[in-house]
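Proteins come first, then strands; the chains are lettered A, B, ... in the order of their sequence lines, and each starts at number 1.
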There are 2 protein chains.
Amino acid sequence: MRATASAHATDSLDARDKILATAARLFAQNGFENTSLSQVAREANVSKALIFWHFDSKEALYRSALRKTLEPYFINMDALEGLSARGQVECVIDQFYEFVDQNVYSVRFFLGLALRGETRPDEGLTRVVELYRAFRNNLTDIIDSGRQRGEFRADADSTREAALILSTLGGILIQQFMTDDTSPSAKQLVDYLKRSVVQRLTSAPDAGPAAGRPD
Amino acid sequence: MRATASAHATDSLDARDKILATAARLFAQNGFENTSLSQVAREANVSKALIFWHFDSKEALYRSALRKTLEPYFINMDALEGLSARGQVECVIDQFYEFVDQNVYSVRFFLGLALRGETRPDEGLTRVVELYRAFRNNLTDIIDSGRQRGEFRADADSTREAALILSTLGGILIQQFMTDDTSPSAKQLVDYLKRSVVQRLTSAPDAGPAAGRPD
DNA sequence: GTCTATATACAGATAGAC
DNA sequence: GTCTATCTGTATATAGAC
């Protein structure tokens, strides 16, 4: 690590950090190809050459910026202790929502990466996928233990249930990006999701399939 | 429209259509900024200049290609007639899934557009959003009429229910793009979704909120 | 470390022959 | 309609002064 006087504003960071912060912002906003080093240099108030002195190439800068963006990406499971299984499920859902809410820009960015199946130095994308999987495994475990403790119905399918919940959360996320104002807000949908999940997990087993669907 | 001998392979189309087909493919695969006209020209086996003769600019080409990509984007509601409300809900869900499955590439592309809040000649994006909204309104109506006919529980919230279903479907979609092999397949999730929706809509009203969640 | 000036490549777009 | 040749802008990256 480099020794640097700590500061609070982008303006008083040393040049390298200013470049990094600017690049992280621009890459997240406009993507890799659509962000030029001239733009980074201009907005960071440095010369283009200085970027190449600190980072070997545009790709190297991108990798560093990505690492910086990923810093707040982690799961805190402390809040779960002492809750009922039902409370834990609701808590994880809330955590996911809050996390996304606090990281809209970068989440949006990473989602875009995943969508285009980027060949870029991915390093970052895999970490996001891991985080997603961690959330899901977390939910699976909670549902399983809730089932074993008799809080949830005995025939609950924890794997699919967890996957469905995460899918729905992800869907609520992208539904926001569609900026479709006629639809319920994300917060409302998350609440509705929590209620229906609890209902699904605690109610008596249902009647089974049927209801003819010809094609 | 221009009079042209019809043909079956890209190779035997006239130059304009070859350009259009190539451009549609490349734009969908790599996006607007990341697709160069040189690339289009090379893969379509024409000169760059010819592209400008047929289309005024790169943006004009993009618009035309977008229109071509959007051709299969429509809803067919004929299959719904004569089904029970439950069958209709399941049918719309299946339709959505099948549609996405048959248009993965372009759906992926449009999702990417929505994500980055593209400023490009959007024309296409709005149509996609409209299609999404149509699916949702369709569901809302079905749930409402099912409720009025006593097939669904009287306190069903059609608006939120429809929005939640579409969110989940969208989430299942992007979850596939995360290429997370440890998760259930999309088909499985859609089936699970259908079952849980039916359960939710037909079961007796649940107990209400509660289940403490401190933070 | 930070700059100005420059090299090199390729983008979108035009001119004009055929 | 289709081409080759070329213009002009801007991109990444380097050289070398301070």
Side-chain angles (χ1 to χ4, degrees), chain A residues 1-7 10-66 68 116 118-121, chain B residues 1-7 10-66 68 116 118-121:
Chain A
M1 288 299 131
R2 291 152 49 260
T4 307
S6 62
T10 317
D11 233 29
S12 48
L13 295 173
D14 68 2
R16 188 181 186 278
D17 288 339
K18 220 157 63 180
I19 293 171
L20 207 47
T22 307
R25 178 171 52 82
L26 290 177
F27 281 141
Q29 274 170 13
N30 312 320
F32 181 83
E33 291 86 3
N34 212 14
T35 301
S36 76
L37 295 184
S38 316
Q39 197 184 357
V40 175
R42 196 183 326 115
E43 299 200 20
N45 283 112
V46 297
S47 67
K48 271 193 291 184
L50 189 60
I51 297 179
F52 283 96
W53 193 90
H54 283 295
F55 308 91
D56 287 345
S57 66
K58 189 185 178 183
E59 289 233 348
L61 172 62
Y62 180 76
R63 273 191 294 271
S64 296
L66 215 56
K68 192 185 175 64
R116 269 169 291 145
E118 282 289 332
T119 49
R120 292 290 123 223
Chain B
M1 286 301 127
R2 293 152 48 261
T4 306
S6 63
T10 316
D11 233 29
S12 49
L13 295 173
D14 70 0
R16 190 182 186 276
D17 288 339
K18 221 158 62 179
I19 293 170
L20 207 48
T22 307
R25 177 170 53 82
L26 290 177
F27 282 141
Q29 273 171 13
N30 312 320
F32 181 84
E33 292 86 3
N34 211 13
T35 299
S36 76
L37 295 185
S38 316
Q39 197 184 357
V40 174
R42 199 183 325 119
E43 301 201 18
N45 283 113
V46 296
S47 67
K48 267 197 293 184
L50 189 59
I51 297 178
F52 283 95
W53 193 90
H54 282 295
F55 307 91
D56 287 344
S57 65
K58 188 185 179 182
E59 289 231 346
L61 173 61
Y62 180 76
R63 273 191 295 269
S64 296
L66 214 56
K68 191 184 174 66
R116 269 169 290 146
E118 283 288 333
T119 49
R120 291 291 122 223

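- At whole-Å resolution of the value, CZ in B:Phe55 and P in D:dG1 are 13 Å apart.
- For A:Ser47 and C:dT2, the shortest distance from a side-chain N or O to OP1 or OP2 is not below 4.0 Å.
- Minimum heavy-atom separation, B:Ala44 to B:Lys18: O-CE, 3.0 Å.
- Whole-Å rounding puts the B:His54 NE2 to D:dG1 P distance at 7 Å.
- Remark: B:Glu43 engages B:Thr22, B:Arg25, B:Leu26, B:Gln39 in a side-chain contact (heavy atoms from CB on, under 4.5 Å) (not counting sequence neighbours).
- Closest of all the heavy-atom pairs between A:Ala21 and A:Lys68 is CA-CE, 4.1 Å.
- B:Ala15 and B:His54 make their closest contact through CB-NE2, 4.5 Å (heavy atoms, listed as atom of the first residue, atom of the second, distance).
- The residue B:Ser36 sits close only to the backbone: its heavy atoms come under 4.0 Å of sugar-phosphate atoms, none of a base.
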**Prompt:** Based on Watson-Crick and G-U pairs with both distances under 3.5 Å, what dot-bracket line describes DNA chain C 5' to 3', crossing pairs as [ ] and inter-strand pairs as |?
**Reply:** ||||||||||||||||||

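- We find that CG of A:Asp17 is positioned 12 Å from P of C:dG1, with the value rounded to whole Å.
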**Item:** Under 4.0 Å protein heavy-atom contact, by nucleotide of nucleotides 13-18 of chain D - B base, S sugar-phosphate only
**Value:** BBB---

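- Between the CG atom of B:Leu50 and the P atom of C:dA13 there is a distance of 15 Å, rounded to whole Å.
- With respect to B:Leu61, the side-chain contact (heavy atoms from CB on, under 4.5 Å) criterion is satisfied by exactly one of B:Thr35, B:Leu66, B:Leu37, B:Asp56: B:Leu37.
- Ring geometry, A:Phe32 versus A:Tyr62: the interplanar angle exceeds 60°, so the pair is classed perpendicular (tilted spans 30 to 60°).
- To the nearest angstrom, C1' of D:dT10 lies 16 Å from CD of A:Glu33.
- A donor-acceptor contact shorter than 3.5 Å is absent between the side chain of A:Asp17 and the backbone of A:Leu20.
- Between A:Trp53 atom CH2 and C:dT4 atom P there is a gap of 17 Å when expressed in whole angstrom units.
- When the side-chain nitrogen and oxygen atoms of B:Ser38 are compared with OP1 and OP2 of C:dA11, one or more of them lie within a distance under 4.0 Å.
- A straight line from CG of B:Asn34 to P of D:dA11 spans 15 Å, rounded to a whole angstrom.
- A straight line from CD1 of B:Ile19 to P of C:dG12 spans 14 Å, rounded to a whole angstrom.
- Atom NZ of A:Lys58 sits about 5.5 Å away from atom CZ of A:Phe27, to the nearest 0.5 Å.
- Going from atom CD of B:Glu33 over to atom CG of A:Asn30 covers 9.0 Å, rounded to the nearest 0.5 Å.
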